[in-house]
Amino acid sequence: MNLDFTDDQEALRGAVREFFDKESPPEVVRAAEPLGFDAALWRKVVELGLPAIAVPEDRGGGGAGFVELAIAAEFLGRSLAPVPLIEAAVATTLLTSVPGEATPAADAVAGELLATVALHPVTGDVARLVPAGAVADLVVVLRGEELLAVRGPGGPAGAAGAVPNLGAMPVADRRLDTGEVTVLAKGAQAVAAHRRAVRHWELLTGAALLGIASRALELGIDYVLDRRAFGVPIAGFQTVQHRLADNSTAIEGTRLLAYKAAWAHDAGLPSAGTLATMSLLFASETAFKTASDSLHFHGGYGYTLEYDVQLYFRRAKAWPLVAGDRRVAYARLPHRLFDATEA
Amino acid sequence: MNLDFTDDQEALRGAVREFFDKESPPEVVRAAEPLGFDAALWRKVVELGLPAIAVPEDRGGGGAGFVELAIAAEFLGRSLAPVPLIEAAVATTLLTSVPGEATPAADAVAGELLATVALHPVTGDVARLVPAGAVADLVVVLRGEELLAVRGPGGPAGAAGAVPNLGAMPVADRRLDTGEVTVLAKGAQAVAAHRRAVRHWELLTGAALLGIASRALELGIDYVLDRRAFGVPIAGFQTVQHRLADNSTAIEGTRLLAYKAAWAHDAGLPSAGTLATMSLLFASETAFKTASDSLHFHGGYGYTLEYDVQLYFRRAKAWPLVAGDRRVAYARLPHRLFDATEA
Amino acid sequence: MDFWESDDLAEHREAARAWVEANVRPEWVDEQRRSGCHQTMELHALLARDGILAAGWPPQYGGGDVDPGFAAAVFDECARLGLHFDGWATTVMVLHTVQHVGTEAQKRQYIPAALRGELLIALGYSEPDSGSDVAAAKTTAVRDGAEWVVNGQKMFTSTAQVCSHVFVLARTAPDAPKHKGLSLFLVPTDAPGFEVQPIHTLGGQVTNATFYTGVRVPDTALIGEADQGWSVMRVALVYERGVSSPTSVERTVADDLAAWAREARRPDGTAVLDDPLVAERIGRIAVEEEVSRLLGRWMNWNAAKGGVPGPEGSMRKLFWSEAGQRHFSEALDILGAEGLLAPEAPGAPAGGMFEHDFRNAVVTTIYGGASEVLRDIIAERHLGLPRSRPSL
Amino acid sequence: MDFWESDDLAEHREAARAWVEANVRPEWVDEQRRSGCHQTMELHALLARDGILAAGWPPQYGGGDVDPGFAAAVFDECARLGLHFDGWATTVMVLHTVQHVGTEAQKRQYIPAALRGELLIALGYSEPDSGSDVAAAKTTAVRDGAEWVVNGQKMFTSTAQVCSHVFVLARTAPDAPKHKGLSLFLVPTDAPGFEVQPIHTLGGQVTNATFYTGVRVPDTALIGEADQGWSVMRVALVYERGVSSPTSVERTVADDLAAWAREARRPDGTAVLDDPLVAERIGRIAVEEEVSRLLGRWMNWNAAKGGVPGPEGSMRKLFWSEAGQRHFSEALDILGAEGLLAPEAPGAPAGGMFEHDFRNAVVTTIYGGASEVLRDIIAERHLGLPRSRPSL
């Protein structure tokens, strides 16, 4: 066991953190609302090679792993960066994992094509509420037992009809009948590839929520140290302290679980998929509780759009909920954990 | 609307409270463990006419209603009195509501026969974990579409094989094949009568939990006002105060809901059954949370058997759980509330 | 003991609906949402015209003949449509205060004008540096002959953009202890030196910061005695805890969720409500909403009896707001991705109201007594525990 | 970065099982439950005989050749059977303290004897009037020549009924500030003036009150410097937070519940685990148990690195104990009426262990640092918030 990051990972953490701090301050996040996409920032993220950082070097990627992707996702979450890095990384990994030359994998790796994945299997002609669907060139969709790549209609930047939502996410419905459709895989292989992609999305969204929670806690702490009520700093009230202490504890647990899930993926463990789901679940609870409390401690100011904490509060609730009701995922866990029916 | 008790009800509250305070102090409660039955106290309760207080006068009862029974149940809960008043009242009400001379209703009303009800329908020959089953002369059981009165084997005082349990309740399995069985009702009438009895049990157990919660809160408040830590009374810590304030608020809500359910029963409202279930559910949450917190505020002493708060903690958890997992009841509520499929 | 609910509303429901049908324009709901101002002056004028504002007030102060039950039913019907009356709600609080502590001249000056719809009053308690700790107000009022000169800034002066007055808490004895040097003034919003600046909120409401620069008001603007503002304000607070959500509005999250879940379908075609994981949460919400309602009834019952207000207002506000926040959060969880869709999104469930109400709910545990303040009050005044913080 | 768990246990599992098979008598489990004493001296003697107690300690203090991995695996296998070693756990904490702050003579006096099984040490921190506020201890120790005279009373001196010593926190400088006048002594339980009285608990454990009436101990019983007891004690506290539940034991509530729910049947014949309302809670418990485990690993990892202890011990103890209490409460709910059956009840699910562990769990948020104290520590030391109470 070694819970320290490697020197390379520490260097990446520093670099990614600095990048997002500089390039995605709150003004950039606010300016990108309600769509939740900043094209200029996205170009910079692509130039850094982040979306393909976990793609093997011989496929043109960075040759790193999901621990490195999770690091990028954590700091994306911390700064609420309005770029679909998680979706692009998941889709790029999926495209490069599917055999055959017909795939647009190379374009995705090169950053010339923005791809995403519909999280839920589709029955009709519409993939509903696809994350990054409003800005993606290509959507990977599981329909029946076919894994499809759907291009168009329309390019990035909301042409596909962004749906206004709580989390300022570029989600959109994508039609399968008016786009250009390629079959990537069929049968059990298709289903398994899609499931893997969903697990990757869970893993990275869990890491992003870790970043959201960490920053929301800091905003809360900064505010209560600064503001006074009844003659003392708000930070001096025991009920405030104890909620912050609980949230801080949960955040450390979230961190351990997020990176354990990423490590398990890179180590090829059979438990990796289940750990990804568990990480997303716990990170969701932690991020929402932390952001809610920090917002509440802001008093009336927490309710104003002026303070940044509301940006975190809305996303803490919204980002994971795109994948659906948590309780359903909890209810599936015992079978996955103890019967090993599905990782 | 009139949320005050009538003068008669206030007089009853005073009398019942005084009775249980005097006759069921903690020493009596402790002495009756683990069976949870004090035969001498039971005789006094019967002499007061409490089990039949809601039976019509022309059937030999007290002619009052379920508000009065709920008052008795509240103070029974407050003192943790080791007597099966709730079960006996429910069974007596059921026996007197079933037509025909074959029923042992008169004996139950006169207090010469201790009756109870098996809360869950029975499929085989055993009614499992019947409340008061270890001390009752007669158990009313729903098997299929038959409502049965099962006498014996054995008399009161544990002969039927009390099962040691968390709440010091005289629960026991009762066999149908070795007892004397009478059919009280059949078909829809039987099912409806049993369901009504279960609702009555829920209503009165909710009231008993109100008493448990109220007293557990007092024990917690008394302790934190008395004990000091870090140079101040424990009562001065904000986190302690706030949990007590939340519990106190929930107790007032529990009180309103318990008596609304009892009033709705007496007023013959169709919502009475649903309100009884709702009252039990909310009272269960409140009593357990209140007793847990009060126990926790006792520090290490809360863990010792010496302090009374553990008596309340155990019963707050155990008494309602005899009826089964709360979540199942919550999940049935929407249909009962909004589709009016069953009150 | 009985829990029969007043039949007043039922009795007047039909007439109220007719009044609403004849007078209320549905686009006002959208307008309130668009503007973020939870007070529609056009509607207010009609309510005044037909004596609905004046219902139940004593005739000597402008009260009229309209049945208070009918008036309540009209407000209730409007609220069902989604209309808010936040400016009127605060006005009523202040009018009650004037009635309790004002001079006869003040009662005759302010109450009839308000009931005629000519006067609308926002609350000016909070300041940039004092939220829950209202008594820390720094705004000053200095006597100058027969006038007072007000200087300072107020925060969260909701509906001030359409109000004629702000009820301003100001420090009049700067050297007195914190709670002993405060006074309350009715400051006209057309007075020179008064300014208003919008503050946009998470729930879409637009509240305000209001600025007071050498604003001069006559002595008659002082409500209650000078330096007695803290006790004057607490008269109004009793009403505020009741107003924070109209108890007459019986629309509930459990109802709305059940209605949605009965129609919505899982991919396998079954109704969402048949999923025990959904039904269980709706059931739990229904129980807690019933408790909220009962605590509200208890508060109203005690208020109607007219005795000393007990803990019921604080308890009800605490339980209602904390439970409501949980319920809206759970509602979004139940709805899943669809729950995130804003009212502007086509096809959002219940027109996006769950998403909107979720955002709006965060402020309910702050305004009208933050949950922490309410718990302190319950602990100290109801449970007799020692004071746990410097001052209340 | 890697999360591989140590293979030590797996490597030694087989040998450990063989040892347990050859030496452990299953009736000891019942005996611990019956007597309420969570320390079996017969087993302790065997562990000493085979060098298992001495594993990993330096040879100069009596350490032996037995592989620490094998020793850990033996404790783990015993714990799986349901055996507790509370007396040895506190002894190890004190031995570490002696190793850190004791004189060379003390190390040679106490450590080898303890590793031979001849010495077992209970903790004497809490008093009737001081629980979480340990530093408020009133027990005194007064120097008298080369001896100290101890007078006072301790509460919750668990396993003292079988221990050879109590590690007593006593006030040696009555006029010094609260935290500056304390010292720690190893008081033999066979000293004249020592008495022990059983205290029965909700979890079935029998802990003790211990009384000290003019108990005389030599100067060598003083561990660490006089009046420095507070910092000496905090050395031990670091270990206590780790010991409070052995991280090596991987038996979980989620596993046990799932195992039960897979076999148990609803009246309609379906497995209880197929009920989403049950599976959802077990899933949630599994996630929180994984977090508890990871916080434990993090604590051990930091301890192994040997740096300054951070918040990880407090965080792990806080999360583990609070989550565990919730889990046992939910376990009973899931089991319904059956969950209430005590270990003595025939046919109780899992032999009544859920009911027993539910009762036992209430103390976990008190001992070894009450949750409130841990939150204070995390808030102050980790988050840098101001002290919210008089003193720590």
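Every heavy atom of this structure was used, including side-chain atoms; hydrogens, water molecules and symmetry mates were not. Protein chains get the first letters and strands the later ones, always in sequence-line order, with residue 1 at the start of each.
We find that A:Asp308 and A:Arg30 are joined by a salt bridge, their nearest charged nitrogen and carboxylate oxygen being less than 4.0 Å apart. With respect to the salt-bridge test (charged N to carboxylate O, under 4.0 angstrom), the residues C:Asp275 and A:Arg327 do not qualify.
Heavy atoms closer than 4.5 Å to chain C are found in both the backbone and the side chain of A:Leu321. With a threshold of 4.5 angstrom between heavy atoms, A:Arg227 approaches chain C through side-chain atoms but not through N, CA, C or O. Of the atoms belonging to C:Thr365, heavy atoms from both backbone and side chain fall under 4.5 Å from chain A. Only the side chain of A:Phe288 has a heavy atom closer than 4.5 Å to any heavy atom of chain C. Both the backbone and the side chain of C:Glu338 come within less than 4.5 Å of a heavy atom of chain A. For A:Ala323, no part lies under 4.5 angstrom from a heavy atom of chain C. Of the atoms belonging to A:Thr304, heavy atoms from both backbone and side chain fall under 4.5 Å from chain C. Contact of A:Arg228 with chain C is made through the backbone alone, with heavy-atom distances under 4.5 Å. Both the backbone and the side chain of C:Leu340 come within contact range of chain A, each with at least one heavy atom under 4.5 Å from a heavy atom of that chain. Using a 4.5 Å cut-off between heavy atoms, C:Arg359 contacts chain A through both its backbone and its side chain. For C:Pro128, the parts lying under 4.5 angstrom from a heavy atom of chain A are both the backbone and the side chain. For chain A, no part of C:Thr207 is nearby; none of its heavy atoms comes within less than 4.5 Å.
For an aromatic pair to be called close, the ring centres must be under 6.0 Å apart, and C:Tyr367 with A:Tyr303 fails this. Taking the six-membered ring for Trp and the full ring otherwise, C:Phe156 and A:Tyr301 have centroids separated by under 6.0 Å.
Taking OG1 from C:Thr139 and CZ from C:Phe211, the interatomic distance works out to 10.5 Å, rounded to the nearest 0.5 Å. Residue A:Lys317 holds its NZ atom at 8.0 Å from OG of A:Ser292, rounded to the nearest 0.5 Å. One distance of note links CG of C:Leu341 with CG of C:Leu332; it measures 10.0 Å at 0.5 Å rounding.
When each of A:Gly324, A:Pro34, A:Ala318, A:Pro320 is checked for heavy-atom pairs under 4.5 Å with chain C, A:Ala318 comes out on top. Top candidate by heavy-atom pairs under 4.5 Å with chain C, chosen from A:Leu129, A:Thr123, A:Leu119, is A:Leu129. The most heavy-atom pairs under 4.5 Å with chain A, out of C:Gln325, C:Arg375, C:Arg281, C:Gln205, come from C:Arg281. Heavy-atom pairs under 4.5 Å with chain A were tallied for C:Ser126, C:Ala136, C:Ser132; the largest tally goes to C:Ser132.
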- request: List the steps, then state whether side-chain hydrogen bond (donor to acceptor under 3.5 Å, both in side chains) holds for C:Thr210 with C:Thr157.
  value: CA-CA 7 Å; C:Thr210 50; C:Thr157 329; 2.9 Å; yes

message: Between A:Glu202 and A:Thr277, is the side-chain hydrogen bond (donor to acceptor under 3.5 Å, both in side chains) condition met? List the steps.
response: CA-CA 6 Å; A:Glu202 291 176 342; A:Thr277 306; 2.7 Å; yes

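Taking both residues in full, the closest heavy atoms of A:Val141 and A:Ala118 are given as CG2-CB, 4.0 Å, listed atom of the first, atom of the second, then distance.
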